[in-house]
Number of protein chains: 2
Amino acid sequence: MVDAADTLRKHGLPVTAQRVAILSAVHHHPHATADEVAEQVRSKLGSISRQSVYNALNVLTEHGIIRRIQPADSPARYEDRVGDNHHHLVCRSCGRTEDVCCATGHTPCLNASEEHGFAIDEAEVIYWGLCPSCRGGGHASRPHRHSHS
Amino acid sequence: MVDAADTLRKHGLPVTAQRVAILSAVHHHPHATADEVAEQVRSKLGSISRQSVYNALNVLTEHGIIRRIQPADSPARYEDRVGDNHHHLVCRSCGRTEDVCCATGHTPCLNASEEHGFAIDEAEVIYWGLCPSCRGGGHASRPHRHSHS
DNA sequence: TGGGGGCTTTGACAAAGTCCAAATCTGGAT
DNA sequence: ATCCAGATTTGGACTTTGTCAAAGCCCCCA
Ligand SMILES: [Mn+2]
Ligand SMILES: [Mn+2]
Ligand SMILES: [Zn+2]
Ligand SMILES: [Zn+2]
């Protein structure tokens with residue numbers, strides 16, 4: 001529960017209002033996109049440039065303070081929860097994203113059956129499906145991204 | 001081994017020179033991007049519009065004739081090999097993509113530890129690492145995408 | 001008080017796709 | 001072999017998600 005400014009200082013990063021607001025936004029809105037973060041920050045600071053949002057999200061990611069996930073057909077999403085090797089469950093219809101603790105303990109399947117000589121450092125897992133509201137009743141409550149004519 | 005035109009007819013799709021060329025290109029260049037497919041097709045047909053490449057790749061994908069994979073920081077890639085639940089090993093540096101048979105048999109980890117009420121239909125796994133040429137010697141042989149200053 | 005270095009802002013630019021309307025082609029039926 | 005309705009292909013504009021680069025700000029320090 002350390003405060004955002006402290007986290008920045010701890011990593012030797014200059015503390016700015018924008019960074020503090022961005023880091024807090026990510027903390028309070030797990031798996032938010034850059035746009036969603038920008039909106040949150042604007043409601044706190046009044047305004048912020050798009051570039052500053054990307055700058056901060058990038059620098060925070062590079063320092064391991066936050067993590068970036070990039071599911072297919074979605075802009076990148078960011079989260080606070082790092083270093084615990086968890087995975088994600090994503091709704092094909094509305095994009096809702098939930099955390100899933102790694103089923104097989106730490107670094108799941110980190111040994112692929114055939115490694116082709118690669119030096120593997122991460123096994124990324126994404127579970128795809130339909131969330132309760134998107135599959136129930138046939139009437140979804142949020143905008144859909146795939147139509148399946 | 002069936003021929004591209006037959007595959008199209010088998011699925012009730014009108015056979016066009018573009019589709020045949022695109023399906024063949026995907027068959028002979030596994031994990032190719034739309035652009036790479038377009039280049040291959042141009043070398044056979046002389047020319048093809050960007051939109052036709054996307055149209056065909058989309059319709060082929062919807063019919064399950066090919067599969068689309070979308071690793072982070074890469075345009076979508078397409079492949080012939082469908083219905084065998086295999087995964088991918090991607091080089092963080094050059095994007096080289098290799099097939100990996102599912103380590104845990106069929107539909108690996110298709111049961112996430114917490115399902116959050118979702119109806120899960122797929123567990124996508126991507127192994128990230130460095131391919132032999134990108135990690136060896138320090139001098140890569142193909143264009144890198146990440147710089148890690 | 002005068003520099004510097006790092007941030008932030010602006011605005012241009014790029015990559016990967018989609019949308020649309022017009023022109024062309026396919027497949028099935030004469 | 002010929003026709004036609006419906007599907008496909010095209011070219012070009014447009015969208016989304018980000019990055020690049022130059023200029024302006026800010027704050028710390030001598
Ligand atoms: Mn998460
Ligand atoms: Mn494959
Ligand atoms: Zn949903
Ligand atoms: Zn490589």
Side-chain angles (χ1 to χ4, degrees), chain A residues 4-5 8-9 11-23 25 31-39 41-42 44-63 68-78 95 143-149, chain B residues 4-23 25 31-39 41-42 44-63 65 68-78 95 143-149:
Chain A
L8 291 168
R9 271 185 286 268
H11 285 264
L13 293 172
V15 177
T16 68
Q18 289 88 340
R19 285 176 174 175
V20 169
I22 287 169
L23 184 46
H31 309 133
T33 63
D35 253 18
E36 290 164 353
V37 168
E39 281 172 43
V41 172
R42 288 202 184 95
K44 298 288 174 193
L45 303 185
S47 80
I48 191 173
S49 70
R50 184 172 42 140
Q51 189 60 53
S52 289
V53 174
Y54 282 111
N55 283 346
L57 290 175
N58 285 341
V59 78
L60 292 173
T61 300
E62 282 157 20
H63 282 257
R68 172 191 292 128
I69 59 181
Q70 294 165 270
D73 300 319
S74 162
R77 291 168 182 279
Y78 298 85
H144 287 227
R145 296 177 309 182
H146 306 291
S147 39
H148 300 301
S149 70
Chain B
D6 286 337
T7 301
L8 290 169
R9 271 185 285 267
K10 193 169 311 175
H11 285 263
L13 293 172
V15 177
T16 67
Q18 290 87 342
R19 284 178 175 172
V20 169
I22 287 170
L23 184 47
H31 310 134
T33 63
D35 254 18
E36 290 163 356
V37 168
E39 281 172 43
V41 172
R42 289 203 183 93
K44 297 290 175 193
L45 304 185
S47 79
I48 190 173
S49 70
R50 183 174 36 146
Q51 188 60 55
S52 288
V53 173
Y54 282 111
N55 282 346
L57 290 174
N58 285 340
V59 77
L60 292 173
T61 300
E62 283 158 19
H63 282 257
I65 298 171
R68 171 192 292 127
I69 60 181
Q70 294 164 270
D73 300 319
S74 161
R77 291 168 182 280
Y78 298 85
H144 287 227
R145 295 177 311 181
H146 305 292
S147 38
H148 300 301
S149 70

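Chain letters run A, B, ... following the sequence lines, proteins first and then strands; every chain starts at 1.
Looking at L60(A) and L8(A), their side chains come closer than 4.5 Å, going by heavy atoms from C-beta outward. A heavy-atom distance below 4.5 Å is not found between the side chains of V41(A) and Q18(A).
Looking at heavy-atom distances under 4.0 Å, S52(A) makes contact with a base. Residue contacts for A76(A): at a heavy-atom cut-off of 4.0 Å it reaches the sugar-phosphate backbone alone, with no base atom in range. Residue D35(A) is out of contact with every strand shown, counting any heavy-atom pair closer than 4.0 Å.
Rounding to whole angstrom units, CG of residue L57(A) and P of dT8(C) are separated by 11 Å. Residue Q18(A) contributes atom CD, which lies 17 Å from atom P of dG6(C) at whole-angstrom precision.
In summary, of the residues considered (R68(A), E36(A), H31(A)), a side chain to side chain donor-acceptor pair (under 3.5 Å) with Y78(A) occurs for R68(A) alone.
Donor-acceptor pairing under 3.5 Å, judged by distance alone, is present between the side chain of Q51(A) and the base of dC20(D). For R50(A) and dG18(D), a side-chain-to-base donor-acceptor distance below 3.5 Å is present, hydrogens and geometry of angles not being considered.
Set against dA16(C), dG27(C), dT10(D), the side chain of P75(B) has dA16(C) as its closest nucleotide.
Nearest-nucleotide mapping onto DNA chain C: of Y54(B) and L13(B), the residue sitting toward the 5' end is Y54(B). When the nearest nucleotides of DNA chain C are assigned to P14(A) and A34(B) by heavy-atom distance, the more 5′-ward of the two goes with P14(A).
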